[in-house]
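Following: one structure in structure tokens, then a few remarks.
Note that the structure is a prediction, hence the values are computed from the model and not measured. In this chain, residues are counted from 1 in sequence order.
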Amino acid sequence: MKHLTLASIICSCMLFSALTAACSTSISVQADDKNGASVTFDSQFSEAATQTLRSLISTVAGSSSDESIPIIAASDVRTVMEAAGFSAIAAKNTSTLGVSASGTYPVLSTGPLPATGLLTRTKKSLTLTLGPTQYKMLYGLSTEETQMYFDLLMIPALTDEQLTVEEYTGLLAGLYGTDFAKSLASGTISIELRSPDGKKKTTATLSLGEALTLTTEKQWTVQW
């Protein structure tokens with residue numbers, strides 16, 4: 001089985017979390033003293049949901065799944081972060097069910113990441129924006145293979161279908177089983193934005209189900 005690429009790592013892991021049915025995902029972004037930011041990302045995946053995902057991928061790919069291989073390879077994470085414009089990249093697999101990565105984005109005004117509108121900043125603020133527009137732009141940056149897996153999950157924020165979290169969970173349950181659907185929808189995403197000196201921060205936690213059914217933009221900002 002090919003490793004899944006992580007072209008959507010920058011989207012605060014929302015699409016990525018959906019792809020891997022992560023139980024918990026966290027992203028921390030700290031502004032620097034100029035016009036950039038450092039990003040730290042960590043995901044730990046549900047073992048049960050990952051088994052379902054491996055089976056699904058094997059069926060689509062027409063090959064068997066090797067459970068000794070991480071569901072997401074750290075090397076793929078590094079490759080995509082390099083292509084996105086990150087520097088000082090560190091990425092590792094914490095287990096076959098987990099991956100963590102960090103890197104620095106030097107200028108939040110040029111390049112693929114700022115073009116999505118996901119992360120923006122001024123001299124005194126840093127803002128993270130999530131919504132259908134950001135998801136679609138990040139989807140467009142993904143490989144065809146990765147897009148195929150996203151398509152299988154029929155993410156409402158990508159398809160423009162207005163579904164509640166409960167409705168989306170029911171849709172997934174009918175396709176891939178109740179355990180997988182509940183694991184994906186109830187997964188948590190923790191967001192942390194920090195000022196350059198680290199003294200001011202904004203934190204938020206939302207469910208993956210909520211994130212994937214957004215119909216309008218949702219923003220978080222830290223000011224200093």
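Within a 6.0 Å radius of CD in Q219, other residues, nucleotides and ligands contribute more than 12 heavy atoms.
Distance check: S87 OG to E82 CD gives 10.0 Å after rounding to the nearest 0.5 Å. Taking OG1 of T216 as the reference point, atom CG of L130 lies at 11.0 Å (rounded to 0.5 Å). How far CG of L193 is from CH2 of W220: 9.0 Å, rounded to the nearest 0.5 Å. In this structure, the separation between CD1 on I155 and CG on L208 is 8.0 Å, given to the nearest 0.5 Å. Going from atom CD1 of I189 over to atom OG1 of T205 covers 9.5 Å, rounded to the nearest 0.5 Å. Once rounded to the nearest 0.5 Å, the distance linking CG of D42 with OG1 of T25 reads 8.0 Å.
When the options L175, L163, L172 are evaluated for a side chain to side chain contact (heavy atoms under 4.5 Å, CB included) with M154, the one that passes is L175.
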| After noting the C-alpha distance and the side-chain angles of S38 and T104, does the key distance pass the side-chain hydrogen bond (donor to acceptor under 3.5 Å, both in side chains) rule? | CA-CA 4 Å; S38 59; T104 300; 5.5 Å; no

| request: Apply side-chain contact (heavy atoms from CB on, under 4.5 Å) to the pair K92 and V99, showing each step before the final yes or no. | output: CA-CA 6 Å; K92 66 178 181 179; V99 65; over 6 Å; no

| field | Trace of the side-chain contact (heavy atoms from CB on, under 4.5 Å) decision for V29 with V222 | value | CA-CA 10 Å; V29 186; V222 61; over 6 Å; no

| request: Apply the test side-chain contact (heavy atoms from CB on, under 4.5 Å) to residues I27 and V39: give CA-CA distance (whole Å), side-chain angles for both, the deciding distance (0.1 Å), then the verdict. | output: CA-CA 7 Å; I27 181 168; V39 178; 4.0 Å; yes

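Under a 3.5 Å cut-off, the side chain of R121 and the backbone N or O of K34 do form a donor-acceptor pair. Looking only at distances, no side-chain donor or acceptor of R194 sits under 3.5 Å from a matching main-chain atom of S28. Within the 3.5 Å criterion, the main-chain N or O of N35 finds a donor-acceptor partner in the side chain of D32. A donor-acceptor contact shorter than 3.5 Å is absent between the side chain of E192 and the backbone of T202.
The heavy-atom pair separating T94 from S100 by the smallest distance is CG2-OG, 4.0 Å. Considering all non-hydrogen atoms of both residues, T40 and S102 come closest at OG1-CB, 3.9 Å. The minimum heavy-atom distance between A211 and Y135, with the atom names listed, is O-OH, 3.0 Å. Here the closest heavy-atom approach between residue A101 and residue M81 is recorded as CB-SD, 3.8 Å. Of all heavy-atom pairs between Y168 and L153, the closest is OH-O, 2.8 Å. A pairwise comparison of heavy atoms in A37 and L108 identifies CB-CD1, 3.8 Å as the closest pair.
The hydrophobic clustering, which links ILVMFWY residues whose side-chain heavy atoms are closer than 4.5 Å, places Y105 and V107 apart. Two different hydrophobic clusters hold Y176 and V165 under the rule that ILVMFWY side chains link at heavy-atom gaps under 4.5 Å.
L126 has its side chain out of reach of K200: every pair of non-hydrogen atoms, C-beta onward, lies at least 4.5 Å apart.
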